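Bear in mind the structure is a predicted one, so any value in this text is a computation, not a measurement. Keep in mind that the numbers below use all heavy atoms, side chains included, and drop hydrogens, waters and symmetry copies.
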Amino acid sequence: MRLADIMIPDTAATRGALEVATAYFSAAVLNHSVRSYLLGAAYGAMNDIAFDAELLYVTSMLHDIGMVKAFDSHTLPFEEAGGHVAWVFGAGAGWPIERRVRASEVIVRHMWNKMDVAQDPEGNLLDLGAGLDIAGRRLDEIPAQLLAEATERYPRLGLSEEFAACFRDQAERKPDSLGAAFVHAGVAERIEANPLDR
């Protein structure tokens with residue numbers, strides 16, 4: 001599989017999600033969001049996992065929006081805050097309420113340790129794409145040529161340092177969050193040691 005083989009859906013919602021991500025994210029996090037979609041979609045295609053490409057793309061673009069100062073909640077974990085943003089975004093996009101709920105679920109669940117791929121393919125694929133890109137998890141499940149192409153087209157730009165700092169900040173301010181549990185388990189160190197940054 002090559003980068004050119006991955007379909008990027010072109011809908012009003014996907015264009016809007018990219019516009020939001022471009023307006024609010026740093027260049028490093030924007031590129032991470034795009035790579036999260038590309039890697040998740042590639043894995044889905046290679047493993048015959050049926051998924052909703054528009055939903056995966058929109059949630060990939062918005063999954064870290066809860067870390068952005070403008071949307072950061074002082075009480076909610078970043079993934080829950082991001083889920084609320086996705087629900088509101090879906091309403092603006094004219095999505096029915098069930099689809100808005102799904103967008104919110106996908107963003108919240110991308111932080112879960114385990115979920116049934118048959119029940120939530122988009123959550124699984126976002127978890128895989130984002131986790132691979134951020135911490136180097138499951139690198140061997142994506143072709144090296146595809147990883148190289150994705151990183152060349154959408155450079156990392158110091159993502160690991162920026163993201164590790166964001167996780168540590170979330171953990172400090174929200175000690176009961178999943179992000180805090182991940183930090184205590186050493187995720188920041190794994191992020192900074194990501195082989196994709198070598």
Take Ile134 and Leu159, measure what side-chain contact (heavy atoms from CB on, under 4.5 Å) needs, and give me the verdict at the end. CA-CA 8 Å; Ile134 286 294; Leu159 175 69; 3.8 Å; yes
side-chain contact (heavy atoms from CB on, under 4.5 Å) between Asn124 and Ile49: does it pass, once the steps are laid out? CA-CA 10 Å; Asn124 270 272; Ile49 298 171; over 6 Å; no
I need the full list of salt bridge (Lys or Arg N to Asp or Glu O under 4.0 Å) pairs touching residues 52-75, with sequence neighbours left out, sorted by first then second residue.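 Every salt bridge (Lys or Arg N to Asp or Glu O under 4.0 Å) pair that includes a residue of residues 52-75, provided the two are not neighbours, is Asp52-Arg99, Glu54-Arg99, Asp72-Arg173, Asp72-Lys174.
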Pairs of donor and acceptor atoms involving the side chains of residues 37-46, under 3.5 Å and at least two apart or interchain, shall be tabulated with distances.
residue : atom : partner : partner atom : Å
Tyr37   : OH   : Met7    : O            : 2.5
Tyr43   : OH   : Arg138  : NH2          : 3.2
Tyr43   : OH   : Glu141  : OE1          : 3.3

Could you pull out all residues at least two apart from Tyr24 that satisfy side chain to side chain donor-acceptor pair (under 3.5 Å)?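 Partners of Tyr24 under the side chain to side chain donor-acceptor pair (under 3.5 Å) test: none.
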What is the minimum heavy-atom distance between Ile8 and Tyr57, and which atoms define it?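 Answer, listing the atom of Ile8 first, then Tyr57: CG2-CE1, 3.6 Å.
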Closest heavy-atom contact between Gly158 and Glu161?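 Distance-wise, the nearest heavy atoms are O-OE1, 3.1 Å.
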Can you establish whether the number of heavy atoms outside Glu189 located under 6.0 Å from its atom CD is more than 12?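 Atom CD in Glu189 is packed in, count exceeds 12.
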Considering only heavy atoms from C-beta outward, does the side chain of [X] approach that of [Y] to under 4.5 Å?
X: Glu79; Y: Leu178; result: yes
X: Leu196; Y: Arg156; result: yes
X: Asp120; Y: Arg102; result: yes
X: Asn31; Y: Pro155; result: yes

Pair Phe25, Ile65 - check side-chain contact (heavy atoms from CB on, under 4.5 Å), show working. CA-CA 8 Å; Phe25 287 147; Ile65 198 84; 4.1 Å; yes
Please step through side-chain contact (heavy atoms from CB on, under 4.5 Å) for the pair Asp5 and Leu146, ending with a clear verdict. CA-CA 10 Å; Asp5 299 324; Leu146 176 59; over 6 Å; no
How many angstroms lie between atom CG of Leu56 and atom NE2 of His63, to the nearest 0.5 angstrom?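 Here the interatomic distance stands at 10.5 Å.
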Could you tell me which residues satisfy side-chain contact (heavy atoms from CB on, under 4.5 Å) with Gln145, sequence neighbours excluded, listed by chain and number?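 By the side-chain contact (heavy atoms from CB on, under 4.5 Å) rule, Gln145 matches Arg2, Glu149.
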Partners meeting side-chain contact (heavy atoms from CB on, under 4.5 Å) with Ala171 (sequence neighbours left out):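 Checked Ala171 against side-chain contact (heavy atoms from CB on, under 4.5 Å); matches are Ala180, Val183.
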Can you list every ring pair (Phe, Tyr, Trp, His ring centres under 6.0 Å) pair that touches residues 81-107, not counting sequence neighbours?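 Checked against ring pair (Phe, Tyr, Trp, His ring centres under 6.0 Å) - neighbours excluded - no pair reaches residues 81-107.
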